[in-house]
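For reference, the structure discussed in these notes is given below.
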Amino acid sequence: MLVVMSHNATKTDIDRVCDTIRSMGYTPAPMPGKQRTTVGLVGNDGAVDDSLVADLPGVAQIIHVSNPYKQVSREWKPENTVVTIASGVSFGGEEIPIIAGPCSIESERQIVESARAVRAAGAVALRGGAYKPRSSPYSFQGLGRKGLEFLATARRETGLAIVTEAMDEDGAHQVAEVADCLQIGARNMQNYSLLKTVGRIGKPVLLKRGMAATIQDLLLSAEYVLSEGNPHVILCERGLRSFDSTARNLFDLTAIPIVHQLSHLPIIADPSHGTGRRDKILPMSRAAIAAGADGVIIEVHPQPEQALSDGAQSLNPEQFTEVMRALRRVAEAVDRQLAGAVAEVA
Ligand code: PEP
Ligand code: MN
């Protein structure tokens, strides 16, 4: 439920609404706006009786939020949320940041080389996992703490913002020491204790859609982070499991305009995991931007054929440079632009 106060409501009126919401057993969330304050009611799991609040002085209107997710919904907040992870790297505004880098951090040399290459092509953030959620326990699991140190070196060398995955609560605190944005992977989208932990840490979160999650599941997972007081959530479409084995996943680009309709949070696209195929990154990242994506995350490796994970879907630096050229043109065609200075390599 949202209580919209009239533009001339006083602080006493607002405090009275908050106290009444508390007396009903819920938590008030006052949101001052340019014209008027809105007080959200948090903590209900179903319809709320508004009779105690509706007639209080200064109350202009009561809006019942019809979705099970509240704080992430457009009803709750009509204007887009812009999530800034580092200076000049904002998701949800006019500019479209591109995040790029290897699936996993494999060595200091590999991540620094990757960082230099993606920066030269125009990426503004570096991706790379130190903790890897692999389907097999015998596959490379990531370098852990050492990987985070190498990421910090890559940032010092290039100035790129850092996006990297946290897989558990301990890991989230470690990752938060280095990362500008904590990635929650598809396999952990419904790890509710991890979602609460990153909600409490408060740093920006990149929340990937689970491989069998509905859009409502994704938004409810984001709600966990917001309900802990962290509004800095970027959603990510990364493809769904399907019956068709031609591509690794079914890349659901419809999710982008649907999320924009239902939520004020930014949503980016991951064509690397979405398709699993290097040759499909160019068309599907173009399509993602055309569909309104607020960013794209792309796997790039200096030598994809030697990658310890996801080599088949990783671009080499030259291929990534080509993709960036194409994305600049598509962004312009939809009246947006890629974030960051244009670092064209002739
Ligand atoms: C990744 O980004 O490398 C990754 C493991 O992604 P996802 O969680 O989408 O599978
Ligand atoms: Mn990967």
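Counting convention: from 1, in listed order, for ligands and their atoms alike.
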Report task. Would you name the heavy atoms of Gly171 and Asp168 that are closest together and state the gap between them? Result -> N-OD1, 2.7 Å
Query - Residues clustered with Ile14, ILVMFWY side-chain links under 4.5 angstrom - result: Met1, Val3, Met5, Val17, Ile21, Met24, Tyr26, Val39, Leu41, Val48, Leu52, Val53, Leu56, Val59, Ile62
Query - Minimum side-chain heavy-atom gap Met167-Leu194 below 4.5 Å - result: no
Query raised in the report: Do you know the tightest heavy-atom contact between Pro102 and His301?
Result: CB-CD2, 4.1 Å
Query raised in the report: Is there side-chain contact between Leu207 and Leu195, with heavy atoms separated by less than 4.5 Å?
Result: yes
Query raised in the report: Are any side-chain N or O atoms of Asn249 and backbone N or O atoms of Phe251, one a donor and one an acceptor, separated by less than 3.5 Å?
Result: no
Which atom pairs, nitrogen or oxygen on both sides, join ligand 1 and the protein at under 3.5 angstrom?
residue, atom, partner, partner atom, Å
ligand 1, 2 (O), Arg127, NH1, 2.8
ligand 1, 2 (O), Arg127, NH2, 3.3
ligand 1, 2 (O), Gln183, NE2, 2.9
ligand 1, 2 (O), Lys208, NZ, 3.0
ligand 1, 3 (O), Arg127, NH2, 2.9
ligand 1, 3 (O), Lys132, NZ, 2.9
ligand 1, 3 (O), His273, NE2, 3.1
ligand 1, 3 (O), Glu299, OE2, 3.3
ligand 1, 6 (O), Lys208, NZ, 2.9
ligand 1, 8 (O), Ala186, N, 2.7
ligand 1, 9 (O), Lys208, NZ, 2.9
ligand 1, 9 (O), Arg238, NE, 2.6
ligand 1, 10 (O), Arg187, NH1, 2.9
ligand 1, 10 (O), Arg238, NH2, 2.8

**Report entry** Heteroatoms of the protein, restricted to N/O/S, which lie under 2.8 Å from the Mn ion (ligand 2)
**Finding:** Cys103 SG, His273 NE2, Glu299 OE2, Asp310 OD2
Query raised in the report: Under a 4.5 Å cut-off applied to non-hydrogen side-chain atoms, are Leu220 and Pro68 in contact?
Result: yes
Query raised in the report: How far apart are the closest heavy atoms of Leu235 and Leu206, and which atoms are they?
Result: O-CD1, 4.3 Å
Requested in this report: Hydrophobic side-chain clustering at under 4.5 Å (ILVMFWY, transitive links): who's grouped with Trp76? Put none if nobody.
Outcome: Leu2, Val4, Met31, Val42, Ile63, Val65
